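What follows is a set of notes on a single structure, which appears directly below.
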Amino acid sequence: MTTTKQKRTMPSNAQSTSLSRQEALPFTAQLLTEGGDARIVLDVVSGLNKYACAPIPDPGMIALGSSTASIVSAQGFRAADLLRTKLALATASSESAYAMYAGELNRMRAELLNLCGITDGADVVFAASGTDIHLIAAQAFSSAEKQAPLVIMVEANETGSGVAAALAGRHFSSHSALGESVTSGSDIAHAAAVEVVSVALRDSNGKARPSAAIDADFDALASQAAQAGRRVLLIVIDGSKTGTIAPSTGCALRLQQQYAGRIDVMVDACQFRIAPATVRAYLQRNFMVALTGSKFVSGPTFSGALLIPPLCARRMRKNPIPEALRAYSSRADWPQDWDAAVALDQIANFGLLLRWEAALSEIRAFRAVPEEQVIKFLTAFGAAVQAKLKSDPLLEPLPLPTLDREPLVGATSWDHIPTIHPFLLFQPNEAKGRSALDGEQTLKIYRLLQSDLSTRKEFGSDKAASELAALRCQFGQPVSCGHRDGVPVSALRICVSMRMIVQAAANDGHDAESIIATAMAALDKTSLIVKSLLQ
């Protein structure tokens, strides 16, 4: 069993052994689109998935949208392709596909921990996406509870549309990661009961709420549940869609200590915009950490991992993994010695395997860049972007959050510098007063940015405008940010990725200026489209 398609045609309790000699392993591009839910499926017309990403490199695209997802790089695709060749040779010789899958995941566990500088142990559970991680964590955490645990998270528009459903034990797509046809929004059979509540990060006008107010909401909800004898899973988002940390790490630590044995913490760091020192600090405080390889890492869409610290793992290992996870998680996705996962099916998800192989190649390259060089580039990039957004009358930056993780860890690593820069778009006709574009208009601009518009009549007579319009640019998808003067608005996001930093570090850092200049050109095209097509 290697692909989503094959899984759909077999019973849920099927176990894979090997591919037949006649059954060729799909090509790399196809495998990169398998082993996930409906979001990874390619549109038959565009050849892109829901996040406008292709399963093959697209070097002509200016990739600034890593807060949503990333198009696989040439380097990442090569790494995945080499692994696919290895798998094809092994399975053609009748070696067990599942055994290959399990062995390769064990190798990746060790490498991921090594790249994060983790030497004192942590269990790694792989999953198809960040949403799958939330489902898996909540179910594993809740399986032995007699009273429904309470999960507290930030509002869904700052994390992911399917996260709340996944945490509550409901299907969040039309098919699962392992290919089961399901009904989105319906309860997962045999899932443990979980109650999910959320805390708003913004007020009705889209303005960021004070951190103290957000912490107070988390504190009130968690305290009430813990005092009533319920177990609580507190989710700290470290890198929301607009780059926020919430609740504060101080709040999470305080609640964990005040209600020891009642409150557990999972850090939603699925953006992976945290340094190894921060990952280690979270684990040392017994916080679980959710990561993905498809955002800041810039690996292909759909690869997740949950890091579980030793103390937390010892408690969770005592309880069987719920049967509800059989459509979402393979036995090999869990550590070999995690006996609680024995009921899960032995299924080889080669799509997930190849996506993580591509992601690991990006992390390796990034870890080779000296930290001072990373900090220098992020500082220069952020200054240039903010200056551009403030100087252009058609653009406006949202205030950047302070990335404060004290008392957990000080601001000594690169991850205290914002790498997501959200901004609003404004109408070009100032005679009517300055008014923001609404969500639908912003979505239209987002889509137009990804196309070569140089042949449109609006730009044909102006060479400079035509050259700018020819650029193909991908920003982070629009995020709903409340209202401006009664207009529902959404923010686009210009983002840094590991890949960009590696490229900027080439030639002793001399390529950094060209990377920044390209980002400035992408913002210029944004203004050009607004000015020319929305008059």
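Both backbone and side-chain heavy atoms feed into the values below; hydrogens, waters and symmetry mates do not. As the structure is a prediction and not an experimental result, all values here were calculated from the model.
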Quiz item: If we only count heavy atoms from C-beta on, is the Phe77 to Leu32 side-chain gap below 4.5 Å?
Solution: yes

Quiz item: Only one of Leu360, Ile40, Thr33 clears side-chain contact (heavy atoms from CB on, under 4.5 Å) with Arg355; which?
Solution: Ile40

Quiz item: Would you say the side-chain atoms of Arg331 pair up with the backbone N or O of Gln336, donor to acceptor, closer than 3.5 Å?
Solution: yes

Quiz item: Which pair of heavy atoms, one from Ala332 and one from Leu105, lies closest together, and at what distance?
Solution: O-CD1, 3.4 Å

Quiz item: Going through the distances and angles, do Val124 and Met108 end up as a side-chain contact (heavy atoms from CB on, under 4.5 Å)?
Solution: CA-CA 10 Å; Val124 180; Met108 291 180 181; over 6 Å; no

Practice problem: Indicate yes or no: at least one non-hydrogen side-chain atom of Arg364 is less than 4.5 angstrom from one of Leu115. | Solution: yes

Quiz item: Would you find a donor on one side and an acceptor on the other, under 3.5 Å apart, between the side chain of Ser173 and the backbone of Ala38?
Solution: yes

Kindly list each side-chain donor-acceptor pair under 3.5 angstrom involving residues 473-482, sequence neighbours excluded, with atom names and distances?
from: Gln474; atom 1: NE2; to: Ala52; atom 2: O; distance (Å): 2.9
from: Gln474; atom 1: NE2; to: Gln450; atom 2: OE1; distance (Å): 3.3
from: Gln477; atom 1: NE2; to: Lys50; atom 2: O; distance (Å): 3.4

Quiz item: Can you check whether Val496's main-chain N or O pairs, donor with acceptor, with Ser66's side chain at less than 3.5 Å?
Solution: yes

Self-check item: Between CD1 on residue Ile214 and SG on residue Cys251, distance to nearest 0.5 Å
Solution: 10.0 Å

Can I get a per-line list of side-chain donor-acceptor pairs under 3.5 Å for residues 190-199, giving both atom names and the distance, sequence neighbours left out?
from: Glu195; atom 1: OE1; to: Arg230; atom 2: NH1; distance (Å): 3.0
from: Glu195; atom 1: OE1; to: Arg230; atom 2: NH2; distance (Å): 2.8

Quiz item: Between Asp238 and Thr278, which heavy-atom pair has the shortest distance, and what is it?
Solution: OD2-CG2, 4.4 Å

Quiz item: So, Arg84 side chain and Leu31 main chain: donor-acceptor pair closer than 3.5 Å or not?
Solution: no

Quiz item: In Å and rounded to the nearest 0.5 Å, what is the SG to CZ distance from Cys312 to Phe141?
Solution: 8.5 Å

Exercise. Could you check Glu34 against Phe350 for side-chain contact (heavy atoms from CB on, under 4.5 Å), going step by step and ending with a plain yes or no?
Key: CA-CA 8 Å; Glu34 296 183 350; Phe350 284 167; over 6 Å; no

Exercise. Give the C-alpha distance, both sets of side-chain angles, the deciding distance and a yes or no for side chain to side chain donor-acceptor pair (under 3.5 Å) between Thr244 and Arg209.
Key: CA-CA 11 Å; Thr244 300; Arg209 298 177 64 211; over 6 Å; no

Practice problem: Taking the side chain as every heavy atom from C-beta outward, state whether Ile308 and Trp338 have any pair of such atoms under 4.5 Å apart. | Solution: yes

Practice problem: Say whether, by atom type as modelled, one donor and one acceptor occur between the side chain of Glu158 and the main chain of Thr242 under 3.5 angstrom. | Solution: yes

Practice problem: Taking all heavy atoms of Ala359 and all of Val297, pick out the closest pair and write down the distance. | Solution: O-CG1, 3.5 Å

Quiz item: Do the side chains of Pro422 and Ile494 get nearer than 4.5 Å, heavy atoms only?
Solution: no

Quiz item: Do Arg317 and Asp123 have side chains that get closer than 4.5 Å, going by heavy atoms?
Solution: yes

Quiz item: Do Asp37 and Ser129 have a side chain donor and acceptor closer than 3.5 Å?
Solution: no

Quiz prompt | Test salt bridge (charged side-chain N to carboxylate O under 4.0 Å, His left out) applied to Asp264 and Arg315, step by step | solution = CA-CA 11 Å; Asp264 287 271; Arg315 190 187 76 243; 3.1 Å; yes

Name every donor-acceptor pair, under 3.5 Å, that has one atom in a side chain of residues 161-172 and the other anywhere in the protein, sequence neighbours excluded.
from: His171; atom 1: ND1; to: Tyr328; atom 2: OH; distance (Å): 2.6

Quiz item: Is there a donor-acceptor pair under 3.5 Å between the side chain of Gln271 and the backbone N or O of Ser67?
Solution: yes

Self-check item: Neighbour count >12 (heavy atoms, 6.0 Å) for atom CZ, Arg447
Solution: no

Practice problem: Mind listing the closest non-hydrogen atom pair of Thr301 and Ala69 along with its distance? | Solution: OG1-CB, 3.7 Å

Self-check item: Between Phe366 and Phe272, ring centroids under 6.0 Å
Solution: no

Practice problem: To the nearest 0.5 angstrom, please state how far the CE atom of Met498 sits from the CZ atom of Arg273. | Solution: 9.5 Å

Quiz item: Run the side-chain contact (heavy atoms from CB on, under 4.5 Å) check on Val232 and Arg262 step by step: do they pass?
Solution: CA-CA 6 Å; Val232 176; Arg262 291 280 91 192; 5.9 Å; no

Quiz item: Can you say whether the rings of Phe287 and Tyr282 are parallel (under 30°), tilted (30 to 60°) or perpendicular (over 60°)?
Solution: parallel

Exercise. Please answer whether the main-chain N or O of Leu64 pairs with a side-chain N or O of Arg493 as donor and acceptor at a distance below 3.5 Å.
Key: no

Quiz item: Can you name the residues that form a ring pair (Phe, Tyr, Trp, His ring centres under 6.0 Å) with Tyr101, not counting sequence neighbours?
Solution: none

Practice problem: Give a yes-or-no answer on whether the side chains of Arg285 and Thr249 include a donor-acceptor pair shorter than 3.5 Å. | Solution: no

Quiz item: How many angstroms lie between atom CE of Met61 and atom CD1 of Ile71, to the nearest 0.5 angstrom?
Solution: 4.5 Å

Quiz item: What heavy-atom pair brings Ile245 and Gly239 nearest, and what distance separates the two atoms?
Solution: CG1-N, 4.5 Å

Quiz item: Would you find a donor on one side and an acceptor on the other, under 3.5 Å apart, between the side chain of Asp43 and the backbone of Val45?
Solution: yes

Quiz prompt | Contact summary for Gly76 and Ser361, nearest pair of heavy atoms | solution = CA-OG, 3.6 Å

Quiz item: Quick check: does any side chain N or O of Asp81 sit under 3.5 Å from a backbone N or O of Thr28, one acting as donor and the other as acceptor?
Solution: no

Exercise. Dump the intermediate steps for side-chain contact (heavy atoms from CB on, under 4.5 Å) on Gln441 and Leu425, then the final yes or no.
Key: CA-CA 9 Å; Gln441 291 171 315; Leu425 307 178; over 6 Å; no

Self-check item: Between CG on residue Asp268 and CG on residue Leu306, distance to nearest 0.5 Å
Solution: 10.5 Å

Quiz item: Given side chains that start at C-beta, do those of Leu42 and Pro55 come closer than 4.5 Å, heavy atoms only?
Solution: yes

Exercise. Tell me, please, which residues at least two apart from Gln147 pass side-chain hydrogen bond (donor to acceptor under 3.5 Å, both in side chains).
Key: none

Quiz item: Under the side-chain contact (heavy atoms from CB on, under 4.5 Å) test, which residues partner Pro488, sequence neighbours left out?
Solution: His483

Quiz item: Is the backbone of Lys295 close enough, under 3.5 Å, to the side chain of Ser70 for a donor and an acceptor to pair up by distance?
Solution: yes

Quiz item: Is Ile188 close to Leu135 at the side-chain level, that is, under 4.5 Å between some pair of heavy atoms?
Solution: yes

Quiz item: If you measure from CD on Glu440 to CG on Leu443, what distance do you get to the nearest 0.5 Å?
Solution: 6.0 Å

Exercise. State, yes or no, whether a side-chain contact exists between Glu104 and Trp356 at a heavy-atom distance under 4.5 Å.
Key: no

